[in-house]
Peer 1: 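Dumping the structure here so I can ask a few things about it.
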Amino acid sequence: MGEFELIERFFKQPAKAQPPSRTVALGIGDDCALLQPESGMQIAISSDMLVEGRHFFPEVAPASLGHKALAVNLSDLAAMGAEPLGFTLALALPAERARDEQWLEAFSGGLLALAETHRCPLIGGDTTAGPLNLCITVFGQLPAGQALRRDGARVNDDIWVSGTLGDARLALGALRGEWGLPADVLPLARQRLERPTPRLALGLGLRGIASACADVSDGLAGDLGHILKASAVGACLDAAAAAHLTAAGACPSLAGASFDSDALRRIALTGGDDYELVFTAPASARAAVLSAGARADTLVTRIGRIEVSPGLRLMEADGRSAPLAARAFDHFA
Ligand code: ADP
Ligand code: MG
């Protein structure tokens, strides 16, 4: 199978996957795709690369890999409050994978199913032989001036997170052999690691409500740290709230596996690969945040407050607070 047949067979999508707007004027097949932004809209663009051995295990199910490659990119659009328009896929495939029709079918199946769910068609890309490497660039739109940027957090704003945090890190540790997980917890945690849910509906619903927003890809402390730095503020998180952020923590079997609330709190705060949103909003917007969460069918939890004093702190139930390193995962550190 040649390069062109491969694209034709596995990556061309039916028209029903197109966004409702007429923004994609031309998709796969020409030298460029063409986007026609609606008037008054800005185009949001983000790229994420997934490298075998670094971002995923070689034996990961191809359908999950396809899902995750797009999900992590859609998560960036969500964090900006943008609505998806389309994406490109630059793909390096080892020769044996390019011959493996089952693998290709499952990979493109996982990828294009999520694309269809979010009306975000594949509009172009590049295909080459090489070590397995996936780079997706996603395009979205939002009304000019309404992006949820990282630099808008203000002193006394509440800090919120969506969904649950830390479960992907629990699964990663189990797969790497760092610890064991009970049989009823592993599948749940693994689902979070391998098939993250981009919070697009919530991101859209937070336009005009959130003062700053980022997605949690490298751990809450680190990604909130980016907001703090961009906004030139500090923050204090509530330790009690942070101890209940993992979904796995609700499984009684986990306590027996020597994960106490301290350990779960640490994993929730620093884990990574969650693809949830961390955002700030004025206290006067609490009801609006909760109703945006309800409309998006997404749990939102208030976990702390923005402060003048720089840095990130964790406050215990007795009122004492201790510094928390606001450091994100760094590939070269
Ligand atoms: P070029 O010669 O300009 O690199 P190609 O021959 O690689 O163009 O690609 C032909 C068409 O197929 C283009 O429209 C390109 O966007 C599309 N395409 C190539 N690889 C992929 C891919 N992995 N996914 C989606 N579209 C692709
Ligand atoms: Mg090419």
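Predicted model, so just to flag it, every value in this text is computed and none were measured. Both ligands and their constituent atoms are indexed starting at 1 by order of listing. Residue numbers run from 1 in the order of the sequence given.
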Peer 1: Tell me which part of T127 gets within contact of ligand 1: side chain, backbone, both or neither, using heavy atoms under 4.0 Å.
Peer 2: both

Peer 1: Which one holds for D30 and ligand 1: side chain close, backbone close, both close, or neither close, with close meaning a heavy atom under 4.0 Å?
Peer 2: backbone

Peer 1: Hey, is CE on M49 packed in by over 12 heavy atoms from elsewhere, all under 6.0 Å?
Peer 2: no

Peer 1: Should you measure from each heavy atom of F4, which atoms of ligand 1 turn up under 4.0 Å away?
Peer 2: 6 (O)

Peer 1: Give a yes or no on this: more than 12 heavy atoms of other residues, nucleotides or ligands lie within 6.0 Å of atom CZ of R265.
Peer 2: yes

Peer 1: Do any nitrogen or oxygen atoms of D31 come within less than 3.5 Å of a nitrogen or oxygen of ligand 1?
Peer 2: no

Peer 1: Looking at G124, which atoms of ligand 1 are within less than 4.0 Å of one of its heavy atoms?
Peer 2: 16 (O), 24 (N), 25 (C), 26 (N), 27 (C)

Peer 1: Taking the minimum heavy-atom distance to atom 18 (N) of ligand 1, which of A33, S108, G125, C135 ranks first?
Peer 2: G125

Peer 1: Hey, is R320 close enough to E316 for a salt bridge, meaning N to O under 4.0 Å?
Peer 2: no

Peer 1: Could you label the plane-to-plane angle of the F107 and F11 rings as parallel, tilted or perpendicular, counting under 30° as parallel and over 60° as perpendicular?
Peer 2: perpendicular

Peer 1: Just distances here: any N/O of G29 and N/O of ligand 1 closer than 3.5 Å?
Peer 2: yes

Peer 1: Within less than 4.0 angstrom of ligand 1, does E3 place any heavy atom?
Peer 2: yes

Peer 1: Count the heavy atoms of every other residue, nucleotide or ligand shown that sit under 6.0 Å from CZ of R149, and state whether that count exceeds 12.
Peer 2: no

Peer 1: Looking at K68 and D273, is there a salt bridge between them, counting it only when a charged N and a carboxylate O are closer than 4.0 Å?
Peer 2: yes

